[in-house]
Amino acid sequence: MNFQATIAMKISDLTDNTGEWLRGTGPESDIVISSRIRLARNVARYPFLSRANAKQKKEIEGLIRERIRESEITQDLFYINLADVSPVDRLFLVERHLISKEHAGGEGIRGVAFGKSETTSLMVNEEDHLRIQVIRSGFELRETWKTIDEIDNKLEKKINYAYSSRFGYLTSCPTNVGTGMRASVMLHLPALGMTHHIEKVFNAVVKLGLVVRGLYGEGTQVAGDLYQISNQFTLGKSESEIIEIIEGVIPRITSYERMARKALISENREQLEDRVWRSYGMLKVARTISSDEIMHLLSQVRMGVNLGIITDIEMKTLNELFILTLPGHLQKLEGRELTSAQRNIIRATYVRKRLEKIDSLQ
Amino acid sequence: MKCESCNKKHATVHLTEIVGSVKKERHLCEECAQNINAQLTKIPSPTEILTSLINQVAPEINEMSKVACPVCGISYLDFRSHGRLGCPMDYTIFRKGLIPLLEKMHGSTQHVGKVPSKAGKELIKKNELMQLRNELNKAVEKEDYERAADLRDKIYELSGDNSNED
Ligand SMILES: [Zn+2]
Ligand SMILES: [Zn+2]
């Protein structure tokens with residue numbers, strides 16, 4: 001286990017590839033990008049982080065880091081102390097979904113452990129002492145639960161979690177108490193967005209006690225027609241029951257999206273194809289592209305690939321481009337901090353090169 | 001064609017909106033189309049939801065306003081204004097204030113999920129029983145009596161008695 005790997009090297013290694021959850025494989029992966037579960041846990045007999053002093057935070061961090069190391073969760077797990085890492089590197093880890101925005105912006109001693117596949121990550125001293133996260137490609141919440149449950153079982157043998165029989169796993173925020181579980185599914189819903197039916201989906205989902213969010217969780221803006229649907233309640237239902245509720249609603253949303261796509265095609269095929277091809281063309285020729293614009297263009301092209309309009313680009317490449325063209329990634333790629341105008345130029349160049357490579361292979 | 005929203009840029013986004021049985025065409029520039037999408041998808045964050053819930057369960061504030069946790073020092077009012085608890089003990093100390101809040105938030109105040117193995121076999125059994133009872137209620141509601149009988153047998157087996165405790 002590379003627990004002491006040099007951080008700068010490890011983060012640079014990551015820029016060459018992306019996590020397995022972006023492969024674009026798995027059930028319903030034309031619409032469901034990924035399935036993710038996170039568990040919130042705290043160590044018994046310590047205050048939650050908002051009330052912990054520096055000494056306690058250090059103790060908690062040391063204890064959890066050691067227990068993670070001993071538990072041999074995955075072979076190649078390594079640990080990054082976030083206080084040692086530059087803001088750009090932290091942004092990069094957020095864009096990778098390896099840490100949360102809150103964890104990146106937090107203060108004091110805190111860290112994250114993750115493996116090479118980027119399927120599992122363990123955030124230490126986030127809002128709770130420990131947050132375990134597992135992400136998989138496609139619609140695979142059950143598998144995801146199995147993996148995270150096993151990791152949690154390994155850790156609970158070594159860590160005394162704060163727990164009560166009445167309230168379950170005790171968390172700093174009462175919105176997470178009980179199972180401490182947030183299960184979410186990331187969906188690409190361009191046609192429902194285009195036809196303005198997305199609101200109906202929201203209404204239906206909210207009635208089930210689920211919430212809809214943007215790409216990067218809490219309060220983030222929706223971009224690229226990417227939505228995360230997750231459970232709001234964590235108490236009074238078992239992990240299985242919560243997963244069942246989400247599992248029940250996703251197929252309805254995906255078939256609704258497919259219907260909306262079909263309707264767009266049958267109403268005006270030429271117009272839809274034109275939109276898709278224009279977006280693809282823009283990605284191939286533009287000299288400067290903002291982050292908002294690229295999300296929109298990639299979304300159109302992704303739908304075009306799903307509908308068989310565009311056939312020369314792989315889903316994996318498209319999924320990756322959503323992440324690789326984000327500000328933190330571009331700055332890592334260039335190895336320096338960039339202004340937004342500079343990023344727009346580098347973003348356009350990067351995408352053009354990736355797509356030229358595809359053209360030259362034909 | 002000009003964008004019908006800003007009337008300046010060229011309309012490149014053509015939306016078909018269906019309201020009831022009426023179909024409406026909209027022609028917008030990229031920018032305006034994205035703005036419209038952003039407006040449609042404004043979602044309250046969990047913290048916003050939490051704050052509004054805390055404010056909804058205000059009545060118990062008088063009783064709880066003087067309570068503070070002897071372990072971490074946080075007062076109930078601190079919790080109300082920041083939405084974060086200070087230590088695991090707060091769930092016991094602020095129980096009175098938390099229960100209506102949890103009820104509103106989760107629709108329940110009793111954990112039925114996973115039990116850490118360290119918490120002991122008794123607790124695991126208790127939770128399993130609770131879950132089986134939930135399922136039994138559901139089965140009865142659905143008038144699935146075969147399943148209900150099955151579940152009842154399991155409950156007897158697990159609890160080791162035939163008494164009808166609730
Ligand atoms: Zn406009
Ligand atoms: Zn306390």
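Naming: A, B, ... by sequence-line order, numbering from 1 per chain.
- No side-chain heavy atom of A:Lys237 sits less than 4.5 Å from a side-chain heavy atom of B:Ser108.
- Heavy atoms closer than 4.5 Å to chain B are found nowhere in A:Asn231, neither backbone nor side chain.
- When the candidates B:Gln131, B:His106, B:Gln110 are compared by the number of heavy-atom contacts under 4.5 Å with chain A, B:His106 comes out ahead.
- Taking both residues in full, the closest heavy atoms of A:Pro174 and B:Gly83 are given as CD-O, 3.7 Å, listed atom of the first, atom of the second, then distance.
- Taking every heavy atom of both residues into account, B:Val115 and A:Tyr169 meet most closely at C-OH, 3.8 Å.
- Listed by chain and number, the residues in a side chain to side chain donor-acceptor pair (under 3.5 Å) with A:Asn125 amount to none (sequence neighbours excluded).
- Atom OG1 of B:Thr92 is separated from atom CZ of A:Arg166 by 11.0 Å, given to the nearest 0.5 angstrom.
- In this structure, chain B has a heavy atom under 4.5 Å from the backbone of A:Ile159, while its side chain stays farther away.
- Listed by chain and residue number, B:Glu135 satisfy the side chain to side chain donor-acceptor pair (under 3.5 Å) test with B:Arg147 (two or more places apart in sequence, or in another chain).
- Counting heavy-atom pairs closer than 4.5 Å to chain A, the top-ranked of the candidates B:Thr109, B:Ile74, B:Val71, B:Asn134 is B:Thr109.
- The two residues A:Glu241 and B:Val112 have their closest heavy-atom pair at OE1-CG2, 4.1 Å.
- Between A:Phe167 and B:Tyr91, the ring planes lie tilted relative to each other; the angle falls in the 30° to 60° range.
- Here the OG-NZ distance, from A:Ser238 to B:Lys114, works out to 12.5 Å after rounding to the nearest 0.5 Å.
- Note that OH of A:Tyr46 is 15.5 Å distant from SG of B:Cys72, once rounded to the nearest 0.5 Å.
- Taking A:Asn268, A:Leu49, A:Thr234, A:Asn160 one by one and counting their heavy-atom pairs under 4.5 Å with chain B, the maximum is reached by A:Thr234.
- Using a 4.5 Å cut-off between heavy atoms, A:Ser240 makes no contact with chain B at all.
- Nearest heavy atoms, B:Arg84 versus A:Ser50: CB-OG, 4.3 Å.
- Heavy-atom distances place the side chain of B:Leu102, and not its backbone, under 4.5 Å from chain A.
- Within a 6.0 Å sphere centred on CZ of A:Arg142, other residues, nucleotides and ligands contribute more than 12 heavy atoms.
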Could you please spell out the steps behind the side-chain contact (heavy atoms from CB on, under 4.5 Å) verdict for A:Arg51 and B:Cys87?
CA-CA 7 Å; A:Arg51 297 298 284 192; B:Cys87 79; over 6 Å; no

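- Interface residue A:Asp149: backbone and side-chain heavy atoms are both found under 4.5 Å from chain B.
- Contacts of A:Asn153 with chain B are made by both backbone and side-chain atoms, with heavy-atom separations under 4.5 Å.
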